[in-house]
Structures are given as structure tokens and as C-alpha cells.
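Step one of this worksheet: look at the structure below.
The model shown is predicted, which means the values in this text are computed figures rather than measured ones. Note: hydrogens, waters and symmetry copies are ignored here, and every other heavy atom, side chains too, is used.
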Amino acid sequence: MTRRDFCAAAAATLAAGCASLGLGKKRRFAINPATIREFHLPLEEQVRLAIAAGYDGMEPWLKDVHAAKAAGKLDDIRKMAADANFKFINGIAFGQWAHPDRVTRNIGLEETKRDMAALAELECPYIAASMFGLQKKGAPRVTGEEIAARYVAVVNLGKAYGVTPLLEYWGHSVTLFRLEQAMAILRKLNRTDVGLLPDVYHTYRGGSSFAAFKRLDPAWVPVLHVNDYPARLPERLADRDRIWPGDGMAPWREIYAALDDVGASPWFSLELFNPDYQKTRPEDTLATGLEKMRTAGHGA
């Protein structure tokens, strides 16, 4: 074998290895501002720093969106993002649309309408639809059928704004805490205008199997929350324990392979609540987070 042949063979082997890890594909990376929330930055500054760090998009929190709107800055922020080809991909919201109490639910739906209207101004196509208000012990119980019916109502609500709710499971919740539960709801609905918000940490925290990723409908998954977890029993974990992707126990080979096999191409959005990562500068946190997402699973 000549030196040229050897180098070509080595490059092909390296490329195949990277592809098996999900590193051979062009992936879109976003930031969820929970990752830098201890810095208490307004939305305008979050966006400016994320663009400078090299992110492709953001999941804005609605409290920050509404604050920017009240300050008359929303249109300027949208233009700044558009000029950089930076996308707002999914709004993080907490309207109690699924609550069994009719008054509470109606208030939650009105909040969700305001949230959707603000996201529409940012040309943001999705909004998180979580079990907020139903996640703690002692919260009212709701069945899968009730969640499905109320989720359809909020999906229909979003039609007027061009914003699709993504059904979100939380691993610590007493309601909808497993990926498989959320998938079963969407499968029974059998609609093309629904979506899911999977999360690596919450998948482990709720006791779900990562093998379930192999049964995802690719149309359900426009966004994946990226994070990792230490070697600890799920019930001993809290949000603040999330760590950089690739630094924990998450099976990145399996995750990448499953997404690729089903044809899913989500945004990879970094969502951490770890205060230890927010003790220097937001620029440092953002830079480290992007590098960790790009290399998660390499050499695993």
C-alpha cells in the first residue's frame, strides 16, 4: 500500500467512525437561555451573545420575550436575528393548559394565547406545552385521554398564530413523566400537526428507555433538549444536576443512531440549569456549551 493509499483509507475510516457517532451530519445548534439564566441577561443581550458564540438559534423564554415586547425592542431583536440568519425555534412557556380545574385552565389558555402571539412576532414556529402546575406531588391527576383532548385544544389554538405546541414530558413530574407516555398520546391522536419535545435528561430521570427514540416519528421532533446526567439514581437527580453533553452517562451513540435511523433532524438545543457553569462569564458558558454539543459522543 502506498502512502497515499494509506492516508485515503485512514480518512475513510475516520469519516465512517464520525458518521456512526452522528458527527458526519450538519447539525443545527441552539441555546436554551436556562443555561445562562444566572447572568440575568435581557433577551437582546442573550441573542447578541449567542450569535457571537456561533449558535444557529435559540429557545427564548416567554418571560424574556414579554419583557422585550414591553420595552419596545421585539422588532429590533427579530431584525438582529434575521440579519445573522439566527432562528427562534421554540418558546419556553408555562401556561396551565392541561389543568383539570376549568378556571385555572382558561387562565392558562389565555396566557398561552399571549405567548403564541408574541412568538409569532419573532417568527418562532413552536412553543413548549408542559405539565406545569401538574408536576408536583399532590397535584391533581389527569389521564392520558384528558391530556390528549386538552393538547388538541391548544394545538388548534396555535393555528391562528402559526405556532405549534410541542408536548413536553418532565421526568420528575407525577404527570406525563415518560417519553413513551407522550409518544402514545401523539400516536393515538394520529394528526400531522402535533409535536414532541424530547429531552435527554428527562428521558433518564423519568425512567424511559432510550430505545424509544427508535420509535419516534421524525415529524414529531423539531427540537431535542441536549444535556447529560451523572452516574446517579434517577430519583436522586434535580434540574441543577444536569451536566455538559458528553460529560455524563447519556448514550450518545444510541441517541444519534436512533435519530438518524428514523430520519429525524432536530435542532439540538442546550438546556442546563447548572449554577456551577455560570460563575465566570456568559461568553464562556456559551462557548463551552457549543463545543460540548459538537463533540458529545466522540470517542464513546
Please report the closest heavy-atom contact between [X] and [Y], naming both atoms and the distance.
{"X": "Ala53", "Y": "Leu290", "value": "O-CD2, 3.3 Å"}
{"X": "Glu283", "Y": "Leu49", "value": "OE2-CD2, 3.6 Å"}
{"X": "Leu237", "Y": "Tyr229", "value": "CD1-CB, 4.1 Å"}
{"X": "Leu197", "Y": "Tyr169", "value": "O-CE2, 3.9 Å"}
{"X": "Ala98", "Y": "Met131", "value": "CB-CE, 4.1 Å"}
{"X": "Pro245", "Y": "Trp252", "value": "CB-CZ2, 3.6 Å"}

Any side-chain heavy atom of [X] sitting closer than 4.5 Å to one from [Y]?
{"X": "Pro60", "Y": "Leu119", "result": "yes"}
{"X": "Ile255", "Y": "Phe213", "result": "yes"}
{"X": "Leu166", "Y": "Pro222", "result": "yes"}
{"X": "Pro282", "Y": "Leu41", "result": "yes"}

Return yes if some donor-acceptor pair links the side-chain N/O of [X] with the main-chain N/O of [Y] below 3.5 Å, else return no.
{"X": "Arg105", "Y": "His99", "answer": "yes"}
{"X": "Glu168", "Y": "Asp199", "answer": "no"}
{"X": "Tyr151", "Y": "Pro165", "answer": "yes"}
{"X": "Asn32", "Y": "Leu272", "answer": "no"}
{"X": "Asp56", "Y": "Ala30", "answer": "no"}
{"X": "Tyr201", "Y": "Glu271", "answer": "no"}
{"X": "Trp170", "Y": "Gly206", "answer": "no"}
{"X": "Asn274", "Y": "Ile243", "answer": "no"}
{"X": "Arg294", "Y": "Arg27", "answer": "no"}
{"X": "Asn90", "Y": "Ala128", "answer": "yes"}

Residues [X], [Y]: salt bridge by 4.0 Å N-O rule:
{"X": "Asp75", "Y": "Arg78", "result": "yes"}
{"X": "Arg281", "Y": "Asp284", "result": "yes"}
{"X": "Lys292", "Y": "Asp247", "result": "yes"}
{"X": "Arg48", "Y": "Asp83", "result": "no"}
{"X": "Arg205", "Y": "Asp241", "result": "no"}

Are [Y] and [X] connected in a single hydrophobic cluster, I mean Ile/Leu/Val/Met/Phe/Trp/Tyr linked by side-chain heavy atoms less than 4.5 Å apart?
{"X": "Leu176", "Y": "Val155", "answer": "yes"}
{"X": "Trp267", "Y": "Met58", "answer": "no"}
{"X": "Ile127", "Y": "Leu74", "answer": "yes"}
{"X": "Tyr126", "Y": "Tyr55", "answer": "no"}
{"X": "Phe29", "Y": "Leu286", "answer": "yes"}

Distance-only check: which donor-acceptor pairs under 3.5 Å involve side-chain atoms of residues 106-118, not counting sequence neighbours?
| from | atom 1 | to | atom 2 | distance (Å) |
| --- | --- | --- | --- | --- |
| Asn106 | ND2 | Arg102 | O | 3.4 |
| Thr112 | OG1 | Gly108 | O | 2.8 |
| Asp115 | OD1 | His66 | NE2 | 2.7 |

Once you round to the nearest 0.5 Å, how far does [atom1] of [X] lie from [atom2] of [Y]?
{"X": "Asp239", "Y": "His172", "atom1": "CG", "atom2": "NE2", "value": "6.0 Å"}
{"X": "Leu270", "Y": "Thr288", "atom1": "CG", "atom2": "OG1", "value": "10.0 Å"}
{"X": "Ile147", "Y": "Leu134", "atom1": "CD1", "atom2": "CG", "value": "7.5 Å"}
{"X": "Asp193", "Y": "Asn156", "atom1": "CG", "atom2": "CG", "value": "7.0 Å"}
{"X": "Thr203", "Y": "Asn227", "atom1": "OG1", "atom2": "CG", "value": "8.5 Å"}
{"X": "His202", "Y": "Ser208", "atom1": "NE2", "atom2": "OG", "value": "11.0 Å"}

For atom CZ of Arg236, decide whether the heavy atoms of other residues, nucleotides or ligands shown that lie under 6.0 angstrom number more than 12.
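No, because the 6.0 Å sphere around CZ of Arg236 holds 12 heavy atoms or fewer from other groups.
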Using ring pair (Phe, Tyr, Trp, His ring centres under 6.0 Å) as the criterion, list what pairs up with Phe132, not counting sequence neighbours.
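Phe132 satisfies ring pair (Phe, Tyr, Trp, His ring centres under 6.0 Å) with Phe94 only.
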Stepwise side chain to side chain contact (heavy atoms under 4.5 Å, CB included) test for Val194 and Leu167
CA-CA 8 Å; Val194 298; Leu167 189 62; over 6 Å; no
Assess whether side chain to side chain contact (heavy atoms under 4.5 Å, CB included) is satisfied between Trp220 and Arg187, documenting all intermediate values.
CA-CA 10 Å; Trp220 290 347; Arg187 192 166 286 115; 3.8 Å; yes
Hydrogens and angles aside, do Gln278 and Thr285 bring a side-chain donor and acceptor to less than 3.5 Å of each other?
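Side-chain D/A pair, Gln278 to Thr285: absent.
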Mutual orientation of the aromatic rings belonging to Phe88 and Phe86 [parallel < 30°, tilted 30-60°, perpendicular > 60°]
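Phe88 and Phe86: perpendicular rings.
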What do the steps show when you test Met183 against Arg178 for side chain to side chain contact (heavy atoms under 4.5 Å, CB included), and what is the final call?
CA-CA 9 Å; Met183 290 171 60; Arg178 288 172 61 89; over 6 Å; no
I would like to know whether Arg28 and Lys87 meet side chain to side chain contact (heavy atoms under 4.5 Å, CB included); could you show each step before the answer?
CA-CA 10 Å; Arg28 299 169 299 172; Lys87 307 295 184 183; over 6 Å; no
